[in-house]
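The structure under discussion appears below in the form of structure tokens.
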Amino acid sequence: MAKVSLKKKEQLIDRIKHGIKKFSFSIQRYGGETVMGRITPYQYHYWKNRESELTDYVMGFDRETYETEHNIPEEARMRNWYDINDVAHVTGAPVESANFLHIDESDQHGAPILNANGSYKMWEPIELSMDNIHKLGIELVDAECIDVDHPSLVNEYYFWGSTSNKGGWTTESLMDIEGDLDLKKLKIHYKQIEGSDIAYAISYGDGGPLNLQEDSSGNSQQCCVREGNMDESTMSKKLKKEIARAEAEAQQPDTVEEDNNEPPEKSPEEQKEWDEWEKARMEGAQAAKKKSKKKKAKGKKKAKSKKK
């Protein structure tokens, strides 16, 4: 009769005791929602120098009120920021050292698992730096790069918007895993959006990915419009005309003109000379004032002596 290894015995006991275990995966600390979407030449040229106003407009609470109060031209108007997403739309957390992967393990009934000493079985948070991920054998997959050079952005203008929140991004449901969890079978699905590696789902072995759902508080928002990879050799005549018209007609924000009459900044040597001259001028003015007072006093004395 073949001998059964100690490890297999432990796995059999574990299976009888806990059944097919359930796991929840969560990336915690920082994350958010990021979108990229194509816009018209007119929208780009109107908003390119209005970044703070654009954030208030599309990421605020009432776009229609903003459009009316600020007289936004019809051609420059946009949808809610999260709907401008025909190029990319990702909710998740960056793969970086500031974030940690948390793993919660439970038995087939969803109850916490106890160690031999009666304490709860806990996984140490895993730092999500690239070096640590590779060291542990966790696989990174679906690494699509979406930026200015993306094929969908050739001869296009686009909108980029993102929220930055603090909280947790947890798999949408529990994951059934038979036996012990092997980190080498764990896969983090991510996309590289404008240089940021954003994890949006997690899978294990041959199983399908589970999307990450956000539970966060507090946020900052930012957005802007950008120019894609413009190639005039492949650009249509119609698009060239649209761009030329947008450049000519899209109203630009008022700018404060520089005062050309303002004197240039002085060098240290010039400033020292100026300070010395100013000091001498003030001392001369004070001396002249004293002299004038003395002269007036003498005049008064002469006037009094004549009267006598």
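We count residues from 1, following the sequence as given.
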Only counting residues at least two apart or in another chain, list the ones meeting ring pair (Phe, Tyr, Trp, His ring centres under 6.0 Å) with Y66. Y57, H70

When you look at CD of E144, are more than 12 heavy atoms from neighbouring residues, nucleotides or ligands closer to it than 6.0 Å? yes

Just how far is it from atom CD of E69 to atom CG of D62, taken to the nearest 0.5 Å? 8.0 Å

Mind jotting down which residue pairs meet the salt bridge (Lys or Arg N to Asp or Glu O under 4.0 Å) criterion with at least one end in residues 223-240? Sequence neighbours excluded, please. E194-R226

Using a 3.5 Å distance criterion without hydrogens, assess whether the side chain of R63 forms a donor-acceptor pair with backbone atoms of M78. yes

Decide if atom CE of M130 counts as having more than 12 heavy atoms of other residues, nucleotides or ligands within a radius under 6.0 Å. yes

For N165, does its backbone N or O pair with a side-chain atom of S216 as donor and acceptor, under 3.5 Å? no

Check against ring-ring contact (aromatic ring centres under 6.0 Å, His included), H150 and Y158: CA-CA 11 Å; H150 194 265; Y158 67 98; 9.9 Å; no

Hey, can you tell me if Y46 and Y42 have their rings parallel, tilted or perpendicular (30° and 60° cut-offs)? parallel

Point-to-point distance, once rounded to the nearest 0.5 Å, from CD1 of I138 to CG of N132: 7.5 Å

Calculate, to the nearest 0.5 Å, the distance between atoms OG and CG belonging to S129 and N99 respectively. 11.0 Å

Please name all residues satisfying side-chain hydrogen bond (donor to acceptor under 3.5 Å, both in side chains) with E247, sequence neighbours left out, ordered by chain then number. none

Do the side chain of E172 and the main chain of Q213 share a donor and acceptor less than 3.5 angstrom apart? no

Could you tell me if the side chain of S173 sits less than 4.5 Å from the side chain of L210, heavy atoms only? yes

Are any side-chain N or O atoms of D197 and backbone N or O atoms of Q192, one a donor and one an acceptor, separated by less than 3.5 Å? no

Heavy-atom pair of closest approach, residues C223 and G161: CB-CA, 3.8 Å

Mark yes when over 12 heavy atoms from residues, nucleotides or ligands other than K187 sit less than 6.0 Å from its NZ; otherwise mark no. yes

Verify, without hydrogens or angle tests, whether Y204 (side chain) and P209 (backbone) share a donor-acceptor contact under 3.5 angstrom. no

Identify whether the distance between the nearest side-chain nitrogen and carboxylate oxygen of E242 and R245 falls below 4.0 Å. no

For P94 and G31, work out which heavy atoms get closest and say how close. CD-CA, 3.7 Å

Which word best sums up how the rings of Y200 and H189 line up, parallel for under 30°, tilted for 30 to 60°, or perpendicular for over 60°? perpendicular

Cluster check I27, L186: I/L/V/M/F/W/Y, side chain < 4.5 angstrom: yes

Closer than 4.0 angstrom, basic N to acidic O: yes or no for K22 and D104? no

Reported OG-to-CE distance for the pair S152 and M36, which is rounded to 0.5 angstrom: 7.0 Å

Under a 3.5 Å distance rule, please check whether T163 uses its side chain to pair with a backbone N or O of G32 as donor and acceptor. no

For E249 and H45, test the side chains for any donor-to-acceptor distance below 3.5 angstrom and give the result as yes or no. no

Say you draw a straight line from CD of Q43 to CG of L54; how long is it, rounded to the nearest 0.5 Å? 9.5 Å

Can you measure from CG (L101) to CH2 (W169) and round to the nearest 0.5 angstrom? 13.5 Å

Looking at every heavy atom in both I20 and E178, which two are closest together, and how far apart are they? CG2-N, 4.1 Å

Could you check whether any side-chain N or O of N85 sits under 3.5 Å from a backbone N or O of Y82, counting only pairs where one atom can act as donor and the other as acceptor? yes

Tell me whether D182 at atom CG has more than 12 heavy atoms from other residues, nucleotides or ligands lying less than 6.0 Å away. yes

Main-chain N/O of F100 paired to R29 side chain as donor or acceptor, under 3.5 Å: no

